[in-house]
Amino acid sequence: MNKLNFFEEISEGTTNVFVYKIKSDSKGPSSKQGVPFYNPTMQLNRDISILVCQQLLDSSKRKMILLDGLAASGIRGVRLANELVGDFEVVINDWDEKSYNLIEKNIEKHSFENIKACNKNLNVLLSEGKFDYIDVDPFGSPVGFIDSAFRSIKNGGIIACSATDTAALCGVYPKVCIRRYGAVPFHSIVMKEIGLRILLGFICRVAGVYDKGIEPSLCYSTDHYFRIYVKVNSSISKTNQCMNNFKIIHSGENIGIEKIKNNIGPMWLGKVIDKKTIGEILNIVSSKKLGCKNQIYRLLDILEEEADAPVFFYTTESIASFLKKSSPRMDLLFEKLKKQGYNVYRTHFSPTGFKTDASINIIEKMFK
Ligand SMILES: C[S@@+](CC[C@H](N)C(=O)[O-])C[C@H]1O[C@@H](n2cnc3c(N)ncnc32)[C@H](O)[C@@H]1O
């Protein structure tokens, strides 16, 4: 049953770490495999966390305490310690004993001084101390850790979280979404954007409980997960401003070309990307050795464009099939809309998606 053979040394960024070797017949990431799992497909996720933390360190004058709260092998935390430049400490935590031993082994390997391993329930650890950066990277949903994260985060700090329960957030399992996130999802072409916004809405709502406001700096959907980075402010006025972005979309309103039949949300309807932060992160990319650099450039390039765009998007196929026409080329459509004075943006949610301030009537005219 146990898939453990022995350790192998792997490399990400400029960091080598030991991970458990998993037999090739094992079926992907699962806590049930009995050993801390190293998931190479999450390298992009970890690479971006290096960039976000470097940007945080660069923008601050004080020493920062960074927490890799659900660490498994500890690769993210060890990479933070090895690849960041600045004044900081790293705490790497996992409640699983085998993980903890592996984290210790990886720390010893590098003989770092500014790094510490913990073997606690993350919620307990968060109730014991304050952090400037809290990374929550669970199997599935992060909801069980968000409350403690907001009690623990320092003013101006960043909470990062991944959510792999995209089927719930995208409306494949609406009851699960309602139960976990207190929000009604919408299984449709725009389901990924709605799912990401439901997750952010949940985070904004929990922040509000503690009179804290969030500024989403970099939130995206990729592969099989959502990833969120929010800057946290302890200010009542900022919290109130934030809550203005926490809204329900009411039945009868349009999302893309669809008129919705039931209320959807509540969700975050404010910006999900901060253009300035993306610019600063883009400046850091060239100074780091990262395995997913090309993918990062592509993603950040679209996110930078999308930062100013309105919420929700159309896809050329969905409009074409609605109008029973063939899909126009994206570049021609963009050119036509721009020529008429409209703004039009690519979206990372879909390769055939676009966001625009042109009304649906104008778009339809162009298709016809
Ligand atoms: C998806 S893995 C983390 C992957 C890791 N961040 C990486 O980049 O490779 C989730 C980890 O969370 C740990 N975990 C789950 N619940 C926890 C809790 N309440 N407190 C601490 N660790 C927990 C599990 O043991 C598992 O190792």
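One-based numbering, in listed order, for ligands and for the atoms of each. Start at 1 with the first residue, then count along the sequence.
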Could you tell me which atoms of ligand 1, counted from 1 in the order shown, lie closer than 4.0 angstrom to a heavy atom of [X]?
X: Ala72; answer: 3 (C), 4 (C), 27 (O)
X: Ala71; answer: 5 (C)
X: Ile75; answer: 9 (O)
X: Lys120; answer: 20 (N), 21 (C)
X: Asn93; answer: 21 (C)

May I ask you to check if ligand 1 and [X] share an N or O to N or O distance below 3.5 Å?
X: Asn121; answer: yes
X: Arg46; answer: yes
X: Leu122; answer: yes
X: Trp95; answer: yes
X: Pro138; answer: no

**Study point:** Exceeds 12 heavy-atom contacts within 6.0 angstrom, atom CD of Glu128
**Key:**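 Enclosed: over 12 neighbouring heavy atoms sit under 6.0 Å from CD of Glu128.
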Check your understanding: Would Lys109 count as a cation-pi partner of Phe18, with NZ or CZ less than 6.0 Å from the six-membered ring centre and within 45° of the ring normal?
Key ->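 Positive - Lys109 is close enough to the ring of Phe18 and near enough to its axis.
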Exercise for review: Anything under 30° is parallel, anything over 60° is perpendicular, the rest tilted; go ahead and classify Phe349 against Phe313.
Suggested key: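 Taking Phe313 first and then Phe349, their aromatic rings lie parallel (interplane angle under 30°).
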Review point. Judged by modelled atom types alone, do Tyr210 and Asp147 share a side-chain donor-acceptor pair under 3.5 Å?
Key: yes
Point to revise | From Thr164, Asp96, Ile103, Asp137 - option closest to atom 6 (N) of ligand 1 by heavy atom | key: Asp137
Per-residue contact class, [X] against ligand 1 - non-hydrogen pairs under 4.0 Å:
X: Asn45; value: neither
X: Phe145; value: side chain
X: Asn39; value: neither

Review point. Mind checking whether Met42 has a heavy atom under 4.0 Å from ligand 1?
Key: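 Distance cut 4.0 Å: Met42 fails for ligand 1.
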Check your understanding: Tyr38 near ligand 1, heavy-atom distance under 4.0 Å?
Key -> no
Practice item. Answer yes if Met267 and Ile178 sit in the same cluster of Ile, Leu, Val, Met, Phe, Trp and Tyr residues linked by side chain heavy atoms under 4.5 Å apart, and no otherwise. Key: no
Review point. Listed by chain and number, what are the ring pair (Phe, Tyr, Trp, His ring centres under 6.0 Å) partners of Tyr229, not counting sequence neighbours?
Key: none
Review point. Residues two or more places apart in sequence or in another chain: which of them pass ring pair (Phe, Tyr, Trp, His ring centres under 6.0 Å) with Phe226?
Key: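 With neighbours one apart ignored, the set is empty.
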**Study point:** Glu12 bridged to Arg79 by N-O distance under 4.0 Å
**Key:** yes
Practice item. Measure from the side-chain N and O atoms of Lys355 to the backbone N and O of Glu306, and report whether any donor-acceptor pair falls under 3.5 Å. Key: no
**Study point:** ring pair (Phe, Tyr, Trp, His ring centres under 6.0 Å), paired with Phe354, selected from Tyr345, Phe312, Tyr314
**Key:** Tyr314
